[in-house]
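The block underneath contains the structure these notes are about, expressed in structure tokens.
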Amino acid sequence: VFVEELEKIGISGHTPHACRHTFSWLCDKYKVDTLAKKMLMGHALGNDVTALKYGHRTIDELRTEINKIRR
């Protein structure tokens, strides 16, 4: 459905995954906190012990970070 809707407005060659690339780029451009970016993108924190143990973010903190993009 995503690709078909884009084609209706003359955009081709993109997939829903392209949105993740754009979001990641915007996070970098607007200096969103790295841990918040990972959490917002749904990435696993893997073996990052510091992030896993101490990297808590509240919804309000995540909202503050994501709002940096819309400025």
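Note that the structure is a prediction, hence the values are computed from the model and not measured. All heavy atoms count here, side chains included; hydrogens, waters and symmetry mates do not.
Considering only residues two or more places apart in sequence or on other chains, H21 meets the ring pair (Phe, Tyr, Trp, His ring centres under 6.0 Å) condition with H17. Residues passing the side chain to side chain donor-acceptor pair (under 3.5 Å) test with D60, sequence neighbours excluded: R63. With sequence neighbours left out, the side chain to side chain contact (heavy atoms under 4.5 Å, CB included) criterion links F2 to L6, P16, C19. Taking the salt bridge (charged side-chain N to carboxylate O under 4.0 Å, His left out) definition, one finds that E4 meets it with nothing, sequence neighbours left out.
Here the shortest heavy-atom pairing between F23 and I66 reads CE1-CD1, 3.9 Å. Listed here is the closest heavy atom pair of H14 and I11: CD2-CG2, 3.5 Å.
Follow the hydrophobic side-chain contacts under 4.5 Å out from I59 and you never reach M41; the two are in separate clusters.
Identified under the salt bridge (charged side-chain N to carboxylate O under 4.0 Å, His left out) test for residues 12-33, with sequence neighbours left out: D28-K37, D33-R57.
The line from SG of C27 to CD of E65 is 9.0 Å long, rounded to the nearest 0.5 Å. The CG atom of L35 lies 12.5 Å from the NE2 atom of H43; values are rounded to the nearest 0.5 Å.
Contact of the R70 side chain with the N67 side chain is registered, since non-hydrogen atoms from C-beta on lie closer than 4.5 Å.
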